[in-house]
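See below for the structure under consideration.
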Amino acid sequence: MSTALKLEGVRKSFGGLEVLHGIDLDVAEHEVVCLIGASGSGKSTLLRCVNLLEPIDAGRILLAGEEITARGVDVNRIRRQIGIVFQAFNLFPHMTVLRNVTLSPVKALGKPRRQAAAEADELLRRFGLADKRDEYPDRLSGGQQQRVAIVRALAMRPKLMLLDEVTSALDPELVGEVLNVIRELAEGGMTMLIATHEMSFAREIADRVGFLDAGVILEEGGPEEIFSAPREPRTQQFLQRIIEAGRL
Ligand code: ADP
Ligand code: MG
């Protein structure tokens with residue numbers, strides 16, 4: 001299978017503080033890789049570097065074989081190929097759901113408005129949001145808003161989706177519907193790199209899991225390996241704390 005995303009020796013500092021200490025990571029096409037690790041371990045920074053929201057200090061990042069961190073690369077062209085969804089839904093409050101979803105395809109890809117709307121309707125239907133197309137975000141539940149945010153990213157037909165703790169801001173009873181959307185995406189073959197605190201979800205959905213510890217991927221492997229038989233003491237400790245908190 002071909003490599004969708006490759007990180008080689010990626011380093012990132014903020015001021016004098018290095019927070020990613022040389023990350024190597026491959027994500028194959030159609031693969032789902034989950035990043036787990038304590039708060040502050042660098043998961044969000046890693047995703048933001050992949051989306052070129054943060055410049056890296058060393059190493060390189062390749063998307064479908066193209067070095068996207070090379071000098072002179074058109075950042076906007078790359079970002080159009082990568083969908084990113086954050087913890088906060090970030091929908092435009094003054095636009096309807098349909099407008100939120102069609103905005104970038106029209107503005108950035110130059111799609112005719114009617115075609116963009118037809119594609120948006122198709123996606124909204126697929127994710128059970130068809131009846132929300134003309135609503136404004138504040139009329140939707142958090143779960144629905146987050147599903148719209150995912151649909152909005154998908155409307156750009158990305159090669160890769162990055163999801164950063166997309167259920168963390170949700171009331172517990174709304175987490176399931178968002179996880180279902182991600183499950184559906186995985187089944188549809190979407191390539192995804194997912195930072196998550198939802199360990200049982202990661203265990204179920206991930207092809208591979210990486211444990212990030214203080215800016216290094218300390219251990220990676222299949223979900224059964226990582227969750228049932230972690231090799232590294234730090235991974236064992238982290239999972240033990242999760243189990244004690246009743247979250248695995
Ligand atoms: P995680 O997502 O795993 O919780 P982060 O990537 O958010 O971790 O943070 C990793 C480290 O980088 C933390 O020590 C955090 O304080 C620091 N950090 C993240 N973003 C910034 C920033 N914009 N400026 C300074 N430090 C940052
Ligand atoms: Mg984070």
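Residues take their numbers from the sequence shown, with the count starting at 1. Counting starts at 1 for both ligands and their atoms, in listed order.
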Close side-chain approach of N90 to Q145, heavy-atom, < 4.5 Å: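 No, their side chains stay 4.5 Å or more apart.
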Test item: V166 and Q87 side chains (from C-beta on) under 4.5 Å apart, heavy atoms: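 A side-chain contact under 4.5 Å is absent here.
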Do me a favour and list the nearest non-hydrogen protein atom to [atom] with residue, atom name and distance?
atom	answer
atom 9 (O) of ligand 1	T45 OG1, 3.8 Å
atom 27 (C) of ligand 1	F14 CD1, 3.2 Å
atom 8 (O) of ligand 1	G42 N, 3.1 Å

Distance under 6.0 Å and angle within 45° of ring axis: R99 vs Y136: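 R99 over Y136 ring: no.
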S44 backbone or side-chain N/O/S under 2.8 Å from the Mg ion (ligand 2):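 S44 does place an N, O or S atom closer than 2.8 Å to the Mg ion (ligand 2).
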K159 (side chain) donor-acceptor with A4 (main chain) under 3.5 angstrom: no
Backbone of F92 reached by a side-chain donor or acceptor of N100 within 3.5 Å: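 Side chain of N100 to backbone of F92: a pair is present.
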Proximity flag G37 to ligand 1, non-hydrogen atoms under 4.0 Å: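 No.
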L46-ligand 1 polar pair, N/O distance under 3.5 Å: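 Such a contact does not occur with ligand 1.
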Is_contact(atom 15 (C) of ligand 1), protein non-hydrogen, under 4.0 Å: no
Ligand 1 atoms in contact with S39 (distance to a heavy atom under 4.0 Å): 4 (O)
Part of A38 with heavy atoms under 4.0 Å of ligand 1, whether side chain, backbone, both or neither: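 Backbone only.
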Region of V19 that comes within reach of ligand 1 [heavy atoms, distance under 4.0 Å]: side chain
Closest candidate by heavy atom, reference atom 13 (C) of ligand 1, pool S44, A214, G40: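 Looking at heavy atoms only, the winner is G40.
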R234 vs E219, salt bridge (Lys or Arg N to Asp or Glu O under 4.0 Å): CA-CA, chis, key distance, verdict: CA-CA 9 Å; R234 304 271 307 170; E219 182 164 2; over 6 Å; no
Test side-chain contact (heavy atoms from CB on, under 4.5 Å) applied to Q144 and L174, L129, V97, the passing residue: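 Answer after filtering L174, L129, V97: L129.
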Neighbour count above 12 (heavy atom, 6.0 Å) for R157 CZ: yes
